[in-house]
Amino acid sequence: MNKFKIALLQTRVYENKNKNIENALSFIEEVSKKGADIVVLPEMFCCPYNTSYFKDYGEEENGLAYKALSQAAQNNEIYLVAGTMPEIDGDKVYNTSYVFNRKGIQIEKHRKMHLFDIDVEGGQSFKESDVLSSGSNITVFDTEFCKIGLLICYDIRFPELSRILVQNGAEVIIVPGAFNMTTGPAHWETLFKCRALDNQAYTVGVAPARDYDSGYTSYGNSIIVSPWGNITNKMDENQGYIIEEIDLDIVKKVRSELPLLKHIRKDVYKIELI
Ligand SMILES: O=C(O)CCC(=O)C(=O)O
């Protein structure tokens, strides 16, 4: 199967965790009825993006949100990249994305590797490391269509990581993210285009809807970029979804016509895992 449908759910984040879960479940049902094979939620879709909330909204693996999402994947027979949520593990909190298969079984989990500690003069400041710990696993999962790499938001800024995903077979890179009103307009689209072009892979970014009343305003603009670097679809700032076809023949065509992955001078340089 060379084609499949991916749904990007740009959900609004409310203060109420259960309301966020219910909202996600109803969108999942709707896009599944429309034929989506893989459904993606945004970063921190069930928790306001604020370090002071992460512990309270967090849960251990197999908690309340986890179970509801696993059940939704099973009921709707879809793959679910369950956005991210704060994961409690002992005294640590991670920003974690779970992946469920069509039977609702967890097939992967990615803990955000690069923590978003920034301070832009006159713009956005944030310090995830005040509360979060960073993950250390590089995440590629298998589907009946292709291998898919998984990053979380700030992870996309580190080109070596995307390249490793592709070296491990990924043809699509999925990124639940929540850029803000400083870095979103400046870098969001360009980063998804860059990583798509660098790696001749589809890149898919899924963000929460914009909410000016929240402490951290998400840029929205969920996006899909083809391996040729075209934006194949993009949202505005509002809550909603798009369903887009991913055509793996395009990955093969671009990689064969412009074979840059083959042209890497492995005899001169390489990316090494520590
Ligand atoms: O890289 C950026 O500009 C935004 C990153 C971010 O918001 C995050 O990692 O949560």
Side-chain angles (χ1 to χ4, degrees), residues 8-13 20 24 40-55 57-58 65 81-87 92-98 109-139 149-163 165 173-196 198-199 203-223 225 231 234-235 237:
L8 287 60
L9 307 188
Q10 186 166 291
T11 54
R12 173 110 193 245
V13 181
N20 292 324
V40 188
L41 282 162
E43 184 180 26
M44 292 291 173
F45 74 96
C46 63
C47 169
Y49 196 69
N50 183 321
T51 49
S52 65
Y53 286 70
F54 292 162
K55 275 195 180 131
Y57 282 66
V81 178
T84 81
M85 63 181 84
E87 178 204 358
K92 297 207 161 143
V93 187
Y94 296 96
N95 184 346
T96 298
S97 182
Y98 298 104
K109 108 171 171 186
H110 181 67
R111 287 172 165 170
K112 189 178 195 172
M113 289 179 70
H114 301 89
L115 296 182
F116 185 49
D117 288 358
I118 65 150
D119 187 10
V120 179
E121 192 183 345
Q124 186 71 49
S125 300
F126 208 85
K127 196 152 181 261
E128 279 190 322
S129 66
D130 277 346
V131 175
L132 296 180
S133 298
S134 50
S136 304
N137 287 334
I138 293 172
T139 308
L150 184 57
L151 304 175
I152 298 173
C153 204
Y154 194 50
D155 284 340
I156 198 174
R157 288 188 182 268
F158 301 86
E160 298 86 351
L161 182 54
S162 293
R163 174 52 56 80
L165 297 177
I173 298 174
I174 292 180
V175 191
F179 274 43
N180 51 74
M181 297 308 293
T182 302
T183 62
H187 303 148
W188 172 261
E189 243 184 63
T190 308
L191 281 166
F192 281 85
K193 284 186 172 178
C194 287
R195 295 297 89 82
D198 292 343
N199 297 297
T203 54
V204 179
V206 184
R210 193 175 305 169
D211 174 7
Y212 285 107
D213 292 333
S214 96
Y216 178 96
T217 304
S218 167
Y219 178 54
N221 282 269
S222 296
I223 191 169
V225 181
I231 296 178
K234 190 172 95 116
M235 297 182 73
E237 69 276 24

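Along the sequence shown, residues are numbered consecutively beginning with 1. In each ligand, atom 1 is the first atom listed, and ligand 1 is the first ligand listed.
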Practice problem: Report the part of Lys112 (side chain from C-beta onward, or backbone N, CA, C, O) that has a heavy atom under 4.0 Å from ligand 1; answer both or neither where that applies. | Solution: side chain
Quiz item: Can you list the ligand 1 atoms lying under 4.0 Å from a non-hydrogen atom of Ala178?
Solution: 6 (C), 7 (O)
Quiz item: Taking the six-membered ring for Trp, are Trp188 and Tyr219 parallel (under 30°), tilted (30 to 60°) or perpendicular (over 60°)?
Solution: perpendicular
Exercise. List the closest protein heavy-atom neighbour of atom 10 (O) of ligand 1: residue, atom name, distance to the nearest 0.1 Å.
Key: Tyr49 OH, 2.6 Å
Practice problem: Report yes if the side chains of Thr11 and Asn20 come closer than 4.5 Å at any heavy-atom pair, otherwise no. | Solution: no
Self-check item: Short N-O contact, Asp211 and Arg12, less than 4.0 angstrom
Solution: yes
Quiz prompt | Top protein contact for atom 6 (C) of ligand 1, by heavy-atom distance | solution = Cys153 SG, 2.9 Å
Practice problem: May I ask you to decide if the ring planes of Tyr57 and Tyr53 are parallel, tilted or perpendicular, using 30° and 60° as cut-offs? | Solution: tilted
Quiz item: Any idea which atoms of ligand 1 are less than 4.0 Å away from a heavy-atom of Arg157?
Solution: 1 (O), 2 (C), 3 (O)
Practice problem: Would you please determine whether Met44 falls within less than 4.0 Å of ligand 1 on a heavy-atom basis? | Solution: no
Practice problem: For the pair Thr182 (side chain) and Gly123 (backbone), establish whether a donor and an acceptor sit closer than 3.5 Å, ignoring hydrogens and angles. | Solution: no
Exercise. Say whether, by atom type as modelled, one donor and one acceptor occur between the side chain of Thr203 and the main chain of Phe192 under 3.5 angstrom.
Key: yes
Quiz prompt | Within-cut-off N or O pair, Tyr154 and ligand 1, under 3.5 Å | solution = yes
Quiz item: Which ligand 1 atoms does Thr183 reach within 4.0 Å, using its non-hydrogen atoms?
Solution: 2 (C), 3 (O), 4 (C)
Self-check item: Region of Tyr216 that comes within reach of ligand 1 [heavy atoms, distance under 4.0 Å]
Solution: side chain
Quiz prompt | Those atoms of ligand 1 less than 4.0 Å from some heavy atom in Glu43 | solution = 8 (C), 10 (O)
Quiz item: Side chains of Phe179 and Cys153: closer than 4.5 Å at any heavy-atom pair?
Solution: yes
Quiz item: Side chains of Tyr216 and Asn50: is there a donor and an acceptor less than 3.5 Å apart?
Solution: no
Practice problem: Select one of side chain, backbone, both or neither to describe which atoms of His114 lie under 4.0 Å from any atom of ligand 1, heavy atoms only. | Solution: neither
